[in-house]
Visitor: 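Would you mind keeping the following structure in view while I ask a few things?
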Amino acid sequence: MKKIEVLQNIMEANESIAARNQQLLDKHKAFAVNIMASPGAGKTSVILQTIAKLKDRLNIAVIEGDVASTLDAEKVRNEAMEVIQINTRNMPESCTLMAAMIEEALKNLSLEDIDLLLIENVGNLICPSEFILGEHKRIVISSLPEGDDKATKYPVMFTDADAVIINKVDFLPYVDFDIPAFRRAVKGLNPKVRLFEVSCKTGAGIDDWCSWLLTEVETNSHKLKIKDRTSK
Ligand SMILES: Nc1nc2c(ncn2[C@@H]2O[C@H](COP(=O)(O)OP(=O)(O)O)[C@@H](O)[C@H]2O)c(=O)[nH]1
Ligand SMILES: [Mg+2]
């Protein structure tokens with residue numbers, strides 16, 4: 001019983017910190033996206049492709065979550081406006097980012113200048129679904145080599161997602177991944193979810209994903225801050 005009480009307390013505390021994070025982000029008109037997937041599905045690759053496509057339109061910062069290392073932060077360092085690495089080893093939950101970790105990171109970002117904050121969560125299909133961070137959108141990436149049963153096996157992650165990216169479609173000739181069956185499984189859990197088929201290797205589908213994301217950023221009353229930087 002005691003263990004259940006403690007867990008509930010952690011969850012409640014997380015939700016109130018997440019609400020504070022979102023208020024702070026809203027105050028500065030910064031739109032935050034929580035990107036979740038298993039290790040190797042392509043979170044960092046999607047972030048890099050997204051920055052390459054949208055950096056002329058948006059000021060983009062990144063928070064990188066990993067159990068250990070700064071490898072991913074180093075990969076995006078030269079592309080993003082600002083990057084913060086969070087290592088979760090020795091934290092209360094090492095398998096996911098939590099709102100308190102984001103609260104600390106936000107103190108170190110120039111929020112007034114940021115339009116879009118991409119948060120790469122720890123590679124895991126279970127824990128990140130339990131902890132909201134204050135994000136405006138939740139994105140799950142599933143990649144072809146992982147197999148097409150992940151939505152069925154890890155339903156919570158997919159039920160709460162605003163969009164699901166099917167990555168590594170360039171693997172289609174080599175793996176038995178039934179894309180229509182996967183789409184049906186995801187839609188069965190979450191009828192309103194947006195689905196995108198992309199390859200970070202070939203660039204296929206990246207335009208569709210980025211134009212949806214840009215519209216989301218602009219229509220969430222963040223447009224006041226976004227300048228048409230291409231016209232400069
Ligand atoms: N063939 C192929 N490889 C990809 C694609 N996206 C990512 N990768 C590779 O998959 C590996 C893991 O990608 P990464 O973005 O680091 O995954 P993360 O652990 O989820 O951040 C890297 O070697 C990437 O180059 C893709 O669309 N096609
Ligand atoms: Mg990564």
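We count ligands from 1, going down the list as the structure has it; atoms in each ligand are counted the same way.
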Visitor: Students should be able to answer this: which protein heavy-atom is nearest to atom 17 (O) of ligand 1, and at what distance?
Guide: Gly42 N, 3.1 Å
Visitor: Are the side chains of His136 and Glu216 in touch, meaning some heavy atoms are under 4.5 Å apart?
Guide: no
Visitor: Among all the protein's non-hydrogen atoms, which is closest to atom 6 (N) of ligand 1, and how far away is it?
Guide: Asn167 ND2, 3.1 Å
Visitor: What's the atom name of the N, O or S in Glu120 nearest to the Mg ion (ligand 2)?
Guide: OE2
Visitor: Starting from atom 27 (O) of ligand 1, which protein heavy atom do you reach first, and at what distance in Å?
Guide: Cys200 N, 2.7 Å
Visitor: Please state which protein non-hydrogen atom is closest to atom 15 (O) of ligand 1 and give its distance, to 0.1 Å?
Guide: Ser45 OG, 2.6 Å
Visitor: Determine if the distance from atom 19 (O) of ligand 1 to the closest protein heavy atom is below 4.0 Å.
Guide: yes
Visitor: Taking heavy atoms and a distance under 4.0 Å, where does Thr44 meet ligand 1: side chain, backbone, both or neither?
Guide: both
Visitor: So which N/O/S atom does Asp72 have closest to the Mg ion (ligand 2)?
Guide: OD2
Visitor: Does either side chain, that of Asp113 or that of Asn59, offer a donor lying less than 3.5 Å from an acceptor on the other one?
Guide: no
Visitor: Determine whether the side chains of Asp170 and Thr202 contain a donor N or O and an acceptor N or O closer than 3.5 Å.
Guide: no
Visitor: Would you kindly say whether Ser110 and Glu82 are connected by a side-chain donor-acceptor distance under 3.5 Å?
Guide: yes
Visitor: Of all the non-hydrogen atoms in the protein, which one sits nearest to atom 12 (C) of ligand 1, and at what distance?
Guide: Gly40 O, 3.5 Å
Visitor: Do me a favour and list the nearest non-hydrogen protein atom to atom 28 (N) of ligand 1 with residue, atom name and distance?
Guide: Asp170 OD1, 2.8 Å
Visitor: Whether Glu146 and Lys168 form a salt bridge (side-chain N of Lys/Arg under 4.0 Å from carboxylate O of Asp/Glu) is what I want to check.
Guide: no
Visitor: Suppose we measure from atom 11 (C) of ligand 1 to each protein heavy atom; which comes out shortest, and what is that distance?
Guide: Lys168 NZ, 4.0 Å
Visitor: Kindly say whether Leu97 contributes a backbone atom to a donor-acceptor pair with the side chain of Asn121 at under 3.5 angstrom?
Guide: yes
